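Because the structure is a prediction, the values reported are computed rather than measured. Lettering of chains follows the sequences in order, A, B, ..., and the numbering in each one begins at 1.
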Amino acid sequence: MGMSGGGGGKRGRTPMGEINVTPLVDVMLVLLIIFMVAAPMMSTGVEVDLPQTRAPRMEMDEEKLILSIDIDQKVYLGETEVPADRLEEALLNNARIQQDDEIYVRADANVPYGFVLRVFTIIRQAGVEKLGLVTDPAGGAARVPGEAPPE
Amino acid sequence: MDRRLSALIIAAVALSALAVVAMPASSQRDEEEPLPERGTIIEIDSPERSLYKIAVPNLRGSSLGGPGAEVLRNDFRLVSLFQVLDSRSFVANLEQEGLGINPPSWSAVGAQGVIKGEIEQNGNDIVVQMRLFELSSGSSATLSETYRGNRGELRGFMHDFANKVLLRLTGKAGAFNSRITFGRRVGPGRKDVYVASWDGDRVGRVSSGEGVSMLPSFGPGGVWFSRLTETGMFITHSNARNRRIIDGDGLNMGPTICNGKVYFTSTRDGNSEIYAADLDGSNARRITRHPAIDVSPSCGPGGRLAFVSTRHGSPQVFVMNGNGSGVRRVTFRGSHNQTPSWCMNGDAPLLAFTGRSGGMDVFTVNIATQQYRRITQAQGTNKDPAFSPDCRMIAFYSSRGGIFVSNPEGANQNRVIAGHAETLRWR
């Protein structure tokens, strides 16, 4: 990588020829793997208006841990609401999140991006590495009566 | 230049990130590769993974509910079979649930089992309802107990319920309602005998608080121990009010009780030998005959005795029958092994002992297979071990600052009783 030598090479010092991988590794370690999945049928009792996208259909598994955020910004683990004032400590100390290192998030299409991101941050701190964003398959069964049909 | 380099790095990172992002979405779940077939594969993380995840919210109905639940949590943590879930993670509506559970609320926090309890307090009287729920069995309790008594008995109730939870989950009851007795140096030329709940609650002195009392053991009448006099030592117990139960010339010390007899070490015939006597001290009879030193008898399963002898040169642990027959050496590693203590209720004939190699450390040996296990590893001085009655834990004194318990593999070492201690017995 001669280009990084610049003026330093004149007095016998040869320019560093290797990439310093440490910052690279650092970046990799904080990466959260995010993938999108479309869930045709969800059995959680939490009503959420999912965003519509084209995404691969997910093999739905009852065992997966699902976190839902409804239109009122209430957060649910499975079917159980997590009180807003305890959201952070409840998620950070959740043994299942720490162990599974995978969680599926169903956030309502109308929840502010900022709020969703706040939840993501907590989840990541809790040790999750894979985050599944659950969406409504475009062109799938209409969920809300009167909703504009997908193109 | 620098900027271009960092742009390059960012691009590289982005590329690799894309690669990993793409993978999980497209890969199939059942794509797990079969393990290569070559030799043993050690799963270093499997012990942790197999811990049973249990949630123990505070008992309801009384301010005693918090301390009560903490007794259970502490039992479960120390026995090394459970992961006690952090109550900060709980999302269940405890008010609504009462003594029941809504299973999804508990599986969401990873629980496999949930313990619920309720205390009805009326002055000093308490009625405690306890329930165990296993999420695999849905919302009906798989264990249900009611305890009545006074508030001072709450810890005992909690230990008892924990014992039953272990019986239910493992087929073998716990031993959480047990006690540890030990000697303690309390000053120059002063030693006393103490007894405490194994978890460190209620540390109480057994001996009179003067002179030297040491080498305790559990037996009928309470805690038996040895007292030093100006001319020797005699054996007494906690209910005998310093009466000399076993006396005689020289030193009479280190009692251990089984087969309806007291076994002890005595120098009455000039050399240190092991004797057996009736529980009232009569009919003392010598059972070892060897010019070497024989000391530290310890009762084991089936009335067998372990003891320490120098008959092969250095101090080593031997076993023999209750009548002194069948003497056999059982420790063959190290040049100085002492203070043997049996596992009384295990599948294998296990002995814990102190080994001296530079410092002192605690070891166990399976005397049938001669498999040794090192419990402590040069973390200061560690000595005088005792198995818990169910053999799920080992207690020992450590110069780290008191009595520690660990699991039989030496993992999960926690201090339960602070302060100096020696020659532990656990029952």
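- Chosen from B/Ser89, B/Pro104, B/Ala92, B/Gly110, the residue pairing most often with chain A at heavy-atom distances under 4.5 Å is B/Ser89.
- Counting heavy atoms of neighbouring residues, nucleotides and ligands inside a 6.0 Å radius, atom CD of B/Glu409 exceeds 12 of them.
- Checking A/Leu91, A/Thr80, A/Val75, A/Leu87 one by one against B/Val91, the side chain to side chain contact (heavy atoms under 4.5 Å, CB included) holds for a single residue, A/Thr80.
- Side chain of A/Arg96 to backbone of B/Ser107: a donor-acceptor contact under 3.5 angstrom is found.
- Ranked by non-hydrogen atom pairs under 4.5 Å with chain B, the options A/Leu67, A/Ile97, A/Leu77 are led by A/Leu77.
- Proximity to chain B is limited to the backbone of A/Glu81, based on heavy atoms less than 4.5 angstrom apart.
- With hydrogens and angles disregarded, a donor-acceptor distance shorter than 3.5 Å links the side chain of A/Asn94 to the backbone of B/Ala108.
- Side chain of A/Arg86 to backbone of B/Phe90: a donor-acceptor contact under 3.5 angstrom is found.
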